[in-house]
Amino acid sequence: DHFSGLVVGNASILAVCEPSFGSDCARKLKSGKVKEPVEQLKLFTQDRISQLHDIEYHLDCGYIVMHDRNYLSSAVYQGMHLGIDKVLSSQQLLYPNPDICFLFLPTADFLWDRIQARATSDLDMSKKYLSRVVDSYNAVASKIELEGYLKVLKEDMLCRSAEHVADYI
């Protein structure tokens with residue numbers, strides 16, 4: 001569920017993904033039986049809590065921890081159904097804020113084109129749903145942007161070189 005031992009320059013890096021590979025959360029989500037937002041939020045919360053000790057340990061050892069998602073993801077997806085403020089307030093109590101968070105905000109059309117370009121896709125998404133997701137991401141970004149750790153990257157940044165994005169950040 002994570003890859004430790006990565007080294008870039010002098011920095012040791014722990015890369016963590018969500019949901020954890022082979023976790024109860026991953027198995028239940030993959031089964032397709034967990035459809036209720038409350039149950040999804042519960043699974044992701046349990047998964048994050050199980051990773052938290054390992055993340056804190058590596059931070060204490062001086063690692064940089066990279067996480068592909070965090071509680072902001074739940075604020076976006078489960079927040080569409082349960083309310084963004086409700087999800088943010090419950091999740092922020094459980095986890096430390098990241099030092100920096102990169103939030104990519106493409107348009108629904110951009111996402112739709114990327115999904116359609118895949119050879120196969122197990123995603124059952126409509127443009128209407130993707131529009132709701134984009135709206136939810138924008139709503140979350142507007143709520144936390146003032147906290148200082150969020151870097152919002154718009155769609156045009158997704159088409160730029162890594163060097164250009166790094167210069168912007």
Side-chain angles (χ1 to χ4, degrees), residues 15-21 23 25-49 51-52 55 65-162 164-169:
V16 183
C17 66
E18 183 180 285
S20 304
F21 295 123
S23 69
C25 177
R27 283 191 300 279
K28 287 182 178 177
L29 289 172
K30 190 170 184 172
S31 75
K33 295 178 184 175
V34 180
K35 302 210 185 288
E36 292 299 315
V38 171
E39 185 63 24
Q40 292 171 350
L41 181 60
K42 199 180 298 184
L43 286 172
F44 279 113
T45 300
Q46 290 168 350
D47 195 53
R48 288 185 194 112
I49 289 171
Q51 291 182 350
L52 196 54
I55 290 171
V65 176
M66 295 174 31
H67 203 301
D68 71 335
R69 295 183 188 243
N70 60 27
Y71 66 86
L72 298 177
S73 178
S74 286
V76 169
Y77 290 98
Q78 285 76 49
M80 288 192 304
H81 306 283
L82 304 173
I84 291 170
D85 289 329
K86 179 180 178 181
V87 174
L88 272 177
S89 63
S90 70
Q91 297 291 295
Q92 284 177 313
L93 296 174
L94 298 172
Y95 316 105
N97 279 336
D99 290 328
I100 190 165
C101 178
F102 301 104
L103 187 62
F104 295 98
L105 294 176
T107 63
D109 287 335
F110 182 87
L111 295 174
W112 179 257
D113 291 345
R114 295 212 32 178
I115 291 169
Q116 296 304 308
R118 295 177 183 164
T120 61
S121 177
D122 59 351
L123 299 176
D124 182 22
M125 294 187 189
S126 66
K127 279 189 180 180
K128 183 178 178 180
Y129 175 76
L130 292 174
S131 291
R132 288 183 57 220
V133 170
V134 168
D135 289 347
S136 190
Y137 265 105
N138 280 301
V140 168
S142 71
K143 290 181 182 300
I144 62 169
E145 198 162 13
L146 299 176
E147 294 186 27
Y149 62 88
L150 181 69
K151 291 280 190 183
V152 176
L153 305 176
K154 300 286 185 180
E155 180 177 300
D156 65 324
M157 295 302 268
L158 297 174
C159 301
R160 305 274 178 123
S161 70
H164 182 86
V165 174
D167 287 343
Y168 169 77
I169 294 167

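- Taking CD of Glu39 as the start and CD of Gln78 as the end, the distance is 11.0 Å to the nearest 0.5 Å.
- In plain terms, the two heavy atoms of Val133 and Val76 that are nearest each other are O-CG1, 4.1 Å.
- With sequence neighbours excluded, the residues forming a side-chain contact (heavy atoms from CB on, under 4.5 Å) with Asp109 are Thr107, Lys127, listed by chain and number.
- Separating the CG atom in Leu82 from the CG atom in Leu88 is a distance of 12.0 Å, to the nearest 0.5 Å.
- The side-chain contact (heavy atoms from CB on, under 4.5 Å) check on Arg132 picks up Met80, His81, Tyr129, with sequence neighbours excluded.
- Note that NZ of Lys35 and NZ of Lys33 are 10.5 Å apart. Values are rounded to the nearest 0.5 Å.
- Of all heavy-atom pairs between Ile84 and Ala75, the closest is CG1-O, 3.5 Å.
- Applying the side-chain contact (heavy atoms from CB on, under 4.5 Å) test to Leu111 and every residue at least two apart in sequence or in another chain returns Pro106, Leu130, Val134.
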In residues 41-48, what donor-acceptor pairs under 3.5 Å come from side-chain atoms, sequence neighbours left out?
unit_1, atom_1, unit_2, atom_2, d
Thr45, OG1, Leu41, O, 2.7
Thr45, OG1, Gln91, NE2, 3.0
Asp47, OD1, Ser20, OG, 3.0
Asp47, OD1, Ser23, OG, 3.4
Asp47, OD2, Ser20, N, 2.9
Asp47, OD2, Ser20, OG, 3.3
Arg48, NE, Glu18, OE1, 2.7
Arg48, NH1, Ser74, OG, 3.1
Arg48, NH1, Gln91, OE1, 3.0
Arg48, NH2, Glu18, OE2, 2.9
Arg48, NH2, Asn70, O, 3.2
Arg48, NH2, Ser74, OG, 2.9

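- Not counting sequence neighbours, Ser90 has no partner by the side-chain contact (heavy atoms from CB on, under 4.5 Å) test.
- Legend: residues meeting salt bridge (charged side-chain N to carboxylate O under 4.0 Å, His left out) with Lys86, ordered by chain and number and at least two apart, are absent.
- Listed by chain and number, the residues in a side chain to side chain donor-acceptor pair (under 3.5 Å) with Ser136 amount to none (sequence neighbours excluded).
- With sequence neighbours left out, the salt bridge (charged side-chain N to carboxylate O under 4.0 Å, His left out) criterion links Asp85 to Lys143.
- Here Gln40 contributes atom CD and Cys25 contributes atom SG; the two are 9.0 Å apart, rounded to the nearest 0.5 Å.
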